[in-house]
Amino acid sequence: MFRQATRVLSRPFLSARARPFSTEVSAAPAVDASFVESWNKVIPNIDPPKTPLAFMKPRPPTPSTMPSKLTVNFVLPYASELSAKEVDMVIIPATTGQMGVLPGHVSTIAELKPGLLSVHEGNDVTKYFVSSGFAFIHANSYADIIAVEAVPLDKIDLSLVQKGLAEFNQKLSSASTDLEKAEAQIGVEVHSAMNAALTG
């Protein structure tokens with residue numbers, strides 16, 4: 001077994017079939033010709049299904065000079081908050097800490113935690129509270145932020161947040177099962193993050 005592991009690990013990492021890492025959507029549509037041909041043989045009167053890649057627009061190539069703006073797409077499962085909006089900076093609540101994203105940022109994928117997302121456009125700052133999600137930062141100064149839930153910060157009532165925080169703290173102290181403790185802990189974390197976003 002160890003001999004095989006040594007042989008596998010001694011292979012070169014980059015082989016002829018390896019693809020370079022890229023966050024850009026290719027300009028040419030990715031269609032599996034053999035799949036389409038097989039589909040047309042079996043069901044000739046129905047178009048073959050499309051993959052998510054078929055619905056994505058190609059991204060512009062990575063510019064040779066640093067752009068002055070960051071293009072942001074901020075979407076929720078039920079709505080699009082920002083679509084191709086050019087901004088100066090976005091600060092996202094990543095699980096590793098607050099992350100500022102400026103034009104020309106290195107390609108990154110970040111998991112979001114409950115916290116404050118701020119979009120800076122000139123002197124205007126729009127703030128949202130996000131529950132969780134992911135941020136995809138592309139090398140061509142595009143940022144795709146996908147959140148499970150997001151609310152503009154000015155629509156959150158501080159008194160209700162503090163009331164909810166007190167209730168979840170009480171549930172956490174009286175929880176008897178692991179499930180009850182986990183649910184209460186999530187409630188405490190989310191309400192604490194909302195409270196910090198509103199008061200801090």
Side-chain angles (χ1 to χ4, degrees), residues 23 52 56-57 59 66-200:
T23 57
M56 296 177 72
K57 295 179 183 173
R59 297 249 187 247
M66 186 163 323
S68 62
K69 296 284 185 180
L70 175 71
T71 305
V72 176
N73 296 306
F74 178 34
V75 294
L76 308 171
Y78 52 85
S80 176
E81 289 291 325
L82 302 173
S83 179
K85 184 165 180 92
E86 291 191 344
V87 300
D88 296 319
M89 178 177 66
V90 174
I91 299 175
I92 61 173
T95 54
T96 55
Q98 292 292 101
M99 185 168 105
V101 181
L102 294 164
H105 196 283
V106 67
S107 295
T108 307
I109 299 174
E111 183 181 0
L112 305 181
K113 67 176 182 179
L116 186 64
L117 171 101
S118 56
V119 180
H120 299 255
E121 187 178 8
N123 293 329
D124 297 331
V125 179
T126 308
K127 296 181 179 181
Y128 299 89
F129 180 82
V130 296
S131 63
S132 61
F134 287 91
F136 301 90
I137 315 303
H138 306 279
N140 55 6
S141 291
Y142 273 71
D144 297 320
I145 302 168
I146 297 98
V148 174
E149 188 64 61
V151 180
L153 198 61
D154 57 1
K155 292 188 178 180
I156 299 175
D157 186 349
L158 179 60
S159 62
L160 291 176
V161 170
Q162 291 174 339
K163 179 182 174 187
L165 180 58
E167 288 174 5
F168 277 109
N169 275 321
Q170 195 261 334
K171 285 181 183 178
L172 183 61
S173 62
S174 64
S176 58
T177 66
D178 287 343
L179 178 62
E180 289 175 352
K181 287 178 185 175
E183 289 174 344
Q185 184 62 41
I186 291 169
V188 168
E189 288 175 10
V190 171
H191 282 78
S192 296
M194 276 194 280
N195 189 42
L198 289 166
T199 58

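Between S141 and G104, the closest heavy-atom pair is OG-N, 2.8 Å. Heavy atoms only, all atoms of each residue included: P103 and P67 are closest at CB-O, 3.2 Å. Considering all non-hydrogen atoms of both residues, V188 and L165 come closest at O-CD1, 3.8 Å. For the residue pair D88 and G122, the shortest heavy atom distance occurs at OD2-N, 2.5 Å. In terms of heavy atoms, S118 sits closest to K127 at CB-CG, 4.1 Å. For the residue pair F74 and A147, the shortest heavy atom distance occurs at CE1-CB, 3.9 Å.
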Exercise. Hey, mind stepping through V72 and V119 against side chain to side chain contact (heavy atoms under 4.5 Å, CB included) and telling me if it holds?
Worked result: CA-CA 9 Å; V72 176; V119 180; 5.6 Å; no
For this session: Any chance you could lay out the side chain to side chain contact (heavy atoms under 4.5 Å, CB included) test for I145 and L82, step after step, and finish with the verdict?
Result: CA-CA 9 Å; I145 302 168; L82 302 173; over 6 Å; no
For this session: Assess whether side chain to side chain contact (heavy atoms under 4.5 Å, CB included) is satisfied between L76 and Y128, documenting all intermediate values.
Result: CA-CA 12 Å; L76 308 171; Y128 299 89; over 6 Å; no
For this session: Mind running side chain to side chain contact (heavy atoms under 4.5 Å, CB included) on M99 and I137 for me, showing each step along the way?
Result: CA-CA 11 Å; M99 185 168 105; I137 315 303; 4.0 Å; yes
Just distance, no hydrogens or angles: give the donor-acceptor pairs under 3.5 Å from side chains in residues 148-155, sequence neighbours left out.
{"from": "E149", "atom 1": "OE2", "to": "Y78", "atom 2": "OH", "distance (Å)": "2.5"}

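In this structure the side chain of I146 reaches within 4.5 angstrom of the side chain of F136, judged on heavy atoms. L158 places a side-chain heavy atom less than 4.5 Å from the side chain of N195. S80 places a side-chain heavy atom less than 4.5 Å from the side chain of V75. Looking only at side-chain heavy atoms (C-beta outward), V130 and P93 come within less than 4.5 Å of each other. Counting only heavy atoms from C-beta outward, the side chains of I92 and F134 never approach each other to under 4.5 Å.
Between the NZ atom of K181 and the OG atom of S173 there is a distance of 11.0 Å, given to the nearest 0.5 Å. N140 CG to S107 OG: the interatomic distance, rounded to the nearest 0.5 Å, is 7.5 Å. S131 OG to E189 CD: the interatomic distance, rounded to the nearest 0.5 Å, is 12.5 Å. For the atom pair L70 CG and H120 NE2, the distance stands at 11.5 Å (nearest 0.5 Å). For the atom pair OG1 (T199) and CD (Q162), the distance works out to 7.5 Å, reported to the nearest 0.5 Å.
Taking E183 as the reference, L179 meet the side chain to side chain contact (heavy atoms under 4.5 Å, CB included) condition, with sequence neighbours excluded. In this structure A84 satisfies the side chain to side chain contact (heavy atoms under 4.5 Å, CB included) test together with T71, N73, sequence neighbours excluded. Every residue two or more places apart in sequence or in another chain that forms a salt bridge (Lys or Arg N to Asp or Glu O under 4.0 Å) with K85 is listed here: E121. Scored by the ring-ring contact (aromatic ring centres under 6.0 Å, His included) test, H191 finds F168 as partners (sequence neighbours excluded).
Under the side-chain hydrogen bond (donor to acceptor under 3.5 Å, both in side chains) criterion, no residue pair touches residues 93-106, with sequence neighbours excluded.
The environment of NZ in K69 is crowded: more than 12 heavy-atom neighbours from other residues, nucleotides or ligands sit within 6.0 Å.
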